[in-house]
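Okay, structure first, notes after.
Since we're looking at a predicted model, the values are computed, not measured. Lettering of chains follows the sequences in order, A, B, ..., and the numbering in each one begins at 1.
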Protein chains: 2
Amino acid sequence: MANIHDVARVAGVSISTVSYALSGKRPIGEKTRLRIDEAVRELDYMPNAAGRMLGGTRTRIFALTAPLRNDTYAPAHMAFVLAVVTAARAHDYDVLLLTEDEATGGLRRVSSSRLVDGIIVLDVSVNDERADLVRSLGVPAALIGVPGNAEGLVCVDLDFEAAAALAVDRLVDAGHTSLALLGHPRAVYERGSNFPMRFRDGFLARAAERGVPAVFTMVEKDSPQIRAALGGVLDGAPGGAEGAATDSVHRGATGGVHNGAPGSAHAPTGIVVHAEEGVHKVILEEIAHRGLSIPADLSVIAGVPTFDTSSFTPALDSIPLIPVDSCVRAVELAVQQLDGTVEPRVELVAPKYRDHGSVAAPRPGS
Amino acid sequence: MANIHDVARVAGVSISTVSYALSGKRPIGEKTRLRIDEAVRELDYMPNAAGRMLGGTRTRIFALTAPLRNDTYAPAHMAFVLAVVTAARAHDYDVLLLTEDEATGGLRRVSSSRLVDGIIVLDVSVNDERADLVRSLGVPAALIGVPGNAEGLVCVDLDFEAAAALAVDRLVDAGHTSLALLGHPRAVYERGSNFPMRFRDGFLARAAERGVPAVFTMVEKDSPQIRAALGGVLDGAPGGAEGAATDSVHRGATGGVHNGAPGSAHAPTGIVVHAEEGVHKVILEEIAHRGLSIPADLSVIAGVPTFDTSSFTPALDSIPLIPVDSCVRAVELAVQQLDGTVEPRVELVAPKYRDHGSVAAPRPGS
DNA sequence: CGACATCGTCTAAACGTTTCGACGACCGGT
DNA sequence: ACCGGTCGTCGAAACGTTTAGACGATGTCG
C-alpha cells in the first residue's frame, strides 16, 4: 500500500509538498500539483488514517451513543442513527457506534484514548447519566434531546412550544372553536420532563392567543383510563369512570377556567394527542367505538410522535420529530465546536406539519 | 492528557518497559509492574488510539456495513447491529458504522486508509455488490448471510436445512402425519436464492426420512393468492381460485407424488410457513376465517422469520435467525482472520426452536 | 534600486505507540 | 570456572502523517 513517501518520490517532491498539495493549506505550483495528482492516481494513494490522526489534530471520527431502550420505536431509532451517520459523512467524519451497555464506559474510553473528536448523544432522557459524563469529559459533544440539567451542554431538539402552536393554528384555521390536548401521564409532568410541559404550555398559550377555549388532560397508560379521559374531554365534563377530568385544566380565551356542561355545545372538536403510540391507538379505537369519524366529526393531530402515524386507521396528521433535521444540526454543532468554540445552548428545531387528512372543518351543527 | 512518557517517568522506567508491562508481551519484574500500575492509575493514563494504531499492527476497529433497505424489519436489524457491536467489544474492538449510500465507497475508504482491521457485512443479499468488493479488497471480513458467489469469502448463516428438519421433527413428534410448507414466491426460487431452496429441500428430505407425506407450495405476495395457496393445501388439492396448487409438489413417504382428494383424510395438519411477515399475517387471518384454530385444528410453525412472531395472534412457534448467535460467530471469524488465517467457508449456525404454543397433537378425528 | 511581502518548496520536528535487538544479571549444568 | 539460557530492562527505530520554520525566487512598491 502506497504511502506519502511513495507519492513524493514519484512526483519528485518532498512529502510536505505532497501533504500541502492534498490539504490545500499552502499554495502549490500548478505543474507540481498536477504531478502530485498524477502520482496519487497512479499509486492509488490514500492517506493512512492512523498517521493522519497522530500527526494532525483530528481523528475524523465521532462517537455515536445510542441506547436501545425497550420503549424505543425501532424504525425511528434507526432513522436517527442513519441520519447521524449521513450528516457526519457530509463533514468527512466517520461514526463509531457505542451501545447501551457501553454507554459511560465506552464514552470514557473513546474520548480519553482520543479515538474520537466528539460525541453525538442520541435519545437523551431527563436523567441521562451520559449528559453529566459528557460535561465532565469536556469533549465536544451534541445531544439530541435535552437532559434535566443541560447546563454547559450543546443540545438540539424540536421546538415543542412551536409544535403545539402549529397544531393549534391548524385546528383553529380549519374552523374549530374548542380544542383539547390529551397529554402524557401525570407522573411525566410531575417528574418535570421538559417537553411535555413545554408542549402543553405552547398549546394553551396559543389557544388563548387565538381566542379559542382549550382543555388539557393528562392521560394514564391503561386502556380504561385512556377511554375515560377521552370521554371526559368529549363530554365536556367529568364523564369517565375514573374521574379523569379532575386532571383537566379548562381555559377560556382569556386564560380563565372554563367549565363546559356535559354535552355542551362547546365540546372540543379539535383534538391534539401528545402521548405514546399505544395511547394513540386506544384513543382511535375509542373514537371509532363511539361512532365518531375522523375528520368528519373530530379532527385529530398527533403531537410530536416518535413513531409512524401514517399506518394508523385513520392515518393522523402529525408534527413529528424529524430525524434528519435534528441530526444534521447536531453534527454541525459538533463540528463547529472543534474550531470556533460554540457556546453551550439548547437549539430548537422548527416543527414541520405532516398532513394525512385527519383535520377538516368541524361539522356545522356542532 | 498523560502519555506513555509520563507514565515511564513517574514509574522510573523506560517507555518500552511500560508498554511491555501493559501488553504483557514480555515478562516484567513484580515491583516494576506495581510501580507502573500505580503510575497509570495516578495519571489516569489511557493509551492514545492513534499512536497505537500507527505503532502497532492493529487499529482495533471493525467496519460494519449495514444497509437499511426498506424491506428490512427494523427491530431485527437493530438487534443485529447491537449484537455485532457487543460481540466486537468482547474482543476489544470498536465498530464503525457504514450505511447504504456509503456501502462500496465507504468500504473502500476505510479499508484502504487502514482505518479498520476488518469488515462485518450485514444483511447480505444474493447479488450483493459488497461481497465482490470485499473479496477484491482482500481485507479480513465476515459476511452474515451468503451471497450468490461466496467463493473466497467467510460467511455465517443459519443452517436452513437443519431448521426445516427441526420444524418437521417437531410436527411429526407431536403426532402429525401430513405436512405442508408454504414458501416464498416462485420468483425467489427461480432467482436461485440459497436459503429458501435449502429450507425447502431440508423440509422435504426430513419429511421423507420420517415417512410422512409432505407438500410444498410457493406463495405469491398478494392476499388473494395467499388465501388460495392455503386453501389448496388445506383442501389437499387444487382448490384456490388461481390454481395455486399447480405450484405444489406432493411427496409421499418414499418421495413419490401424492395427490390427496379434496377434503381427504390426508389433508396436512402441520403447516410450516417460510415467507415474509405480511404473508404470515394473511395466512393467520385466513385460518381464523375458515373457523380453524391453532393449535387445536392446525399446528403452525414460522420457519426462519426475521421478524417477531410472538406478537401474532396467535403467537407462532418459530425457528428464528438469532442475531446474537450469528454475529458472535462472525466477529470471531473476523478476529481469527487477523492472526491465524481462516480459510474461506460458509459456516452454518445451528437452529433453535422458539416455542409459543402453536404446535399440538392433531385432532384425533382428522 | 533596495525593502518587503508572497509564493513555492524543503527540512525537520513533532505526534504516541510497538517492537526488535542488545545487554547485564542471574541460574543451572557441566 | 565456563557456557547457554531465561529474565528484566533499555535504547532506538519504525509507523505515516501534519505543520512550523527556513529559505530562495519572484514580484511590487516606494
If the condition is ring pair (Phe, Tyr, Trp, His ring centres under 6.0 Å), which residues does A:F62 pass it with, not counting sequence neighbours?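 Residues passing ring pair (Phe, Tyr, Trp, His ring centres under 6.0 Å) with A:F62: A:Y93.
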Please report the interatomic distance [atom1]([X]) to [atom2]([Y]), rounded to the nearest 0.5 Å.
X      : Y      : atom1 : atom2 : value
B:L122 : B:R130 : CG    : CZ    : 7.5 Å
A:L54  : B:N48  : CG    : CG    : 6.5 Å
B:L97  : A:D94  : CG    : CG    : 9.5 Å

Angle between the two end axes of the helix from C:dC1-D:dG30 to C:dT30-D:dA1, five base pairs per end, rounded to 10 degrees?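 One end's axis against the other's: 40°.
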For A:R60 and D:dT17, what is the distance between atoms CZ and P respectively, to the nearest whole Å?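 Nearest whole value for this atom pair: 15 Å.
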Measure the shortest side-chain to side-chain distance between B:I61 and B:M53 over non-hydrogen atoms and say whether it is less than 4.5 angstrom.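 They are in contact (side-chain heavy atoms under 4.5 Å apart), so the answer is yes.
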Does anything in residues 47-63 of chain A form a salt bridge (Lys or Arg N to Asp or Glu O under 4.0 Å)? List the pairs, not counting sequence neighbours.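 Output for this query lists A:R60-A:D92.
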Side chain to side chain donor-acceptor pair (under 3.5 Å) involving [X] - partner list, sequence neighbours excluded:
X      : result
A:S16  : A:S14
B:D44  : none
A:S326 : none

How would you summarise protein contacts on nucleotides 10-20 of chain C per nucleotide, using B for base, S for sugar-phosphate only and - for none, with heavy-atom distances below 4.0 Å? BB---BBBBBB
B/S/- along nucleotides 23-28 of chain C (protein heavy atoms under 4.0 Å) is ------
Residues in side-chain contact (heavy atoms from CB on, under 4.5 Å) with [X], at least two apart?
X      : result
B:I15  : B:I4, B:H5, B:A8
A:A150 : A:V146, A:P147, A:C155, A:V346
B:L43  : B:A2, B:D6, B:V7, B:V10

Contacts to DNA chain C from residues 109-116 of chain B, heavy-atom cutoff under 4.0 Å, which residues?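 The answer is none.
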